[in-house]
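Here the structure comes first, spelled out in C-alpha cells, and everything after it is commentary.
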Amino acid sequence: MSTSRIRTASRIVAALSAASCLAAGLAAAPAAADPRPRTLGELAKRHHKYFGSATDNPEFTDAAYMELLGSEFGQTTPGNAMKWYATEPERGVFDFAAADEVVSFAKAHHQKVRGHTLVWHSQLPAWLTEGTWTADELRAILKNHIQTVARHYKGRVIHWDVVNEALNEDGTYRESLFYKALGPGYIADALRWAHEADPHAKLYLNDYNVDGIGPKSDAYYILIKQLKADGVPVEGFGLQGHLALQYGFPAGVQENIQRFADLGVDVAITELDIRMPLPATPEKLATQATWYAEYVKACLAVEKCVGVTIWDYTDKYSWIPSVFPGEGAALPYDENLRPKPAYQAIRKVLGG
Ligand code: XIL
C-alpha cells in the first residue's frame, strides 16, 4: 500500500471512529444533535402557533424582564401603547412613540405583534369623551383614527383587535360612545376602514367572558356570522381569557373555539391570565397550573386557533392587583421572574 493510500485509509478510520464517538455521544446526550425547543415560543411554533406576552413601556427599563420577554416569547402585544389615549392624545395629533418602541423591540427579537386596539369604550382621550359631536363628526373622527393608526403599522402587525369589548354580558350591544351615536353599524364600518388601511392584517373582534359557551359568546357567534354574510372583513375572534379561580373554569372552551373556527374565522387567545384571591397558596397555584394547561390544550386542539398571548408574563407587572383589589398572582412567572407551576404546566402541554 502506498503511503498516500495508508494516509487515506487512516483518515477514513479516524473519520469513522470520530463518527462512532459522535454517535455514542449522541446516544448519551441527544440534546446535542436534536436541539429541543427551549422556550414557550419555540414549543408553540412546532404546533404552528405562537405563544406570546403583552408588555408595557414602563417595563422597558427592567433589563432582566426584557431579557426574558425577548427570548421566551414568539409574539407580543402592547398592553396600552396602541390605545386611543396614547396614539391620538389630541384631536388629529398622533403619537406613536410608545407603540413604536414595542414594535421595534418585537422586530429585533423576531416576534409577531398583535395590534390592540382601534375602537374601545375605555382609555379614550378626554378631548373625545368630553366633546360633543354630531354623528357625522364622530364617524369622521373614528375613520381617521382607525386608518391613521392602521396605516402606520401596516405590514408590522399580524392582527388588529379592531373593536374591543363591543357587547354586554347578556349579548346586547354595549352602549359605548360609538354605539350611542352611530348605532351597531359602527362595527362593520370600523372593520371595513381598517381593512382599507391594512389589507393584510387579520381583523378581530375581542372580548372577555367569551371563553366558553354562554350568552355573550353566542351573541358574538351570531354577530360574526352576520358580518361574514354581509361581506364585512372580520377574520378573527379574540378570547381575552381573564379567568379567576373563584369563578370556576369556563365550560366548553374547546367547543367554543371550534364553533368560531367552523364559521371560518381564526381564533386567538389574546389576554390570558388566571387570578386568585391573595395570598397565593401551593394549592391555588396548582389549580392555576391545570387551568393554564387546559386553556392552552383547547387552543392546540383547534387548527384555526392561531396562538396564545398572556397578559404580561410576570406577577411583577400584572394589571390585576390594581383593578381587582385583593386578587393577583395571575401569571406564569412570579414577582421575581421565577417560573411558577403554571409555567411548567404550559411547557408540558406544548410538549416541552
Ligand atoms: C389593561 C392594561 O393592562 C392596564 O395597564 C390598563 O390600566 C387597563 O387596561 N381588557 C383589555 C385590555 O382589552 O386592554 C386591558 O388592559 C385589560 C382588559
Side-chain angles (χ1 to χ4, degrees), residues 52-62 65 69 73 75-89 98-99 101-103 106 113-126 128-129 145-146 149 153 157-169 173-174 176-179 187 190-191 194 202-211 216-217 220 236-244 247 250 267-276 295 307-325 327-333 335:
S53 170
T55 190
D56 210 355
N57 303 74
E59 303 161 23
F60 274 50
T61 55
D62 181 338
Y65 168 89
L69 179 71
F73 302 97
Q75 179 272 335
T76 192
T77 306
N80 287 301
M82 288 183 176
K83 291 172 180 174
W84 199 319
Y85 82 93
T87 52
E88 194 182 357
E101 189 181 25
V102 177
V103 172
V113 178
R114 297 195 75 258
H116 174 80
T117 173
L118 296 170
V119 189
W120 189 27
H121 66 277
S122 186
Q123 293 184 280
L124 294 169
L128 178 58
T129 53
H145 179 77
I146 290 172
V149 178
Y153 289 107
V157 298
I158 54 162
H159 304 161
W160 267 113
D161 289 331
V162 176
V163 185
N164 195 32
E165 303 180 351
L167 302 185
N168 294 314
E169 293 309 286
Y173 287 99
R174 186 191 286 273
S176 69
L177 175 70
F178 309 105
Y179 179 84
I187 297 174
L191 289 159
K202 292 233 179 188
L203 305 184
Y204 277 67
L205 301 182
N206 187 53
D207 215 322
Y208 60 90
N209 279 350
V210 292
D211 313 283
K216 197 172 182 183
S217 61
Y220 269 105
F237 185 42
L239 314 184
Q240 289 186 3
H242 294 295
L243 307 188
Y247 302 136
V267 175
I269 316 310
T270 55
E271 305 182 17
L272 186 57
D273 56 17
I274 303 173
R275 63 188 189 268
M276 60 187 69
Y295 210 132
V308 177
T309 309
I310 50 179
W311 206 239
D312 226 314
Y313 71 83
T314 156
D315 294 335
K316 187 174 184 182
Y317 298 121
S318 171
W319 70 302
I320 296 295
S322 63
V323 175
F324 302 91
E327 298 179 49
L331 293 167
Y333 289 79
E335 291 181 353

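Read the numbers this way: they start at 1 and go in the same order the structure lists the ligands and their atoms.
- If you check the side chains of D56 and Y317, you find no donor sitting under 3.5 Å from an acceptor.
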Evaluation steps, side-chain contact (heavy atoms from CB on, under 4.5 Å), between R174 and Y179: CA-CA 7 Å; R174 186 191 286 273; Y179 179 84; over 6 Å; no
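- In this pair, Y313 and Y333 present their aromatic rings perpendicular. The plane angle is above 60°, beyond the 30 to 60° band.
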Between the protein and ligand 1, which nitrogen or oxygen pairs come in under 3.5 Å, and how far apart is each?
| residue | atom | partner | partner atom | Å |
| --- | --- | --- | --- | --- |
| ligand 1 | 3 (O) | W311 | NE1 | 2.9 |
| ligand 1 | 5 (O) | N80 | ND2 | 2.9 |
| ligand 1 | 9 (O) | K83 | NZ | 3.2 |
| ligand 1 | 9 (O) | Q123 | OE1 | 3.3 |
| ligand 1 | 10 (N) | E165 | OE2 | 3.3 |
| ligand 1 | 10 (N) | Q240 | OE1 | 3.4 |
| ligand 1 | 10 (N) | E271 | OE1 | 2.9 |
| ligand 1 | 13 (O) | H116 | NE2 | 3.3 |
| ligand 1 | 13 (O) | N164 | ND2 | 2.9 |
| ligand 1 | 13 (O) | Q240 | NE2 | 3.3 |
| ligand 1 | 13 (O) | E271 | OE1 | 3.2 |
| ligand 1 | 13 (O) | E271 | OE2 | 2.8 |
| ligand 1 | 14 (O) | K83 | NZ | 2.7 |
| ligand 1 | 14 (O) | H116 | NE2 | 2.7 |
| ligand 1 | 16 (O) | K83 | NZ | 3.2 |
| ligand 1 | 16 (O) | W311 | NE1 | 3.3 |

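- To the nearest 0.5 Å, atom OH of residue Y85 and atom CG of residue L128 are 15.0 Å apart.
- Note that the OH atom of Y153 and the OG1 atom of T87 stand 8.0 Å from one another [nearest 0.5 Å].
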Using side-chain contact (heavy atoms from CB on, under 4.5 Å), reason through Y204 and H116 one step at a time and then give a plain yes or no. CA-CA 10 Å; Y204 277 67; H116 174 80; over 6 Å; no
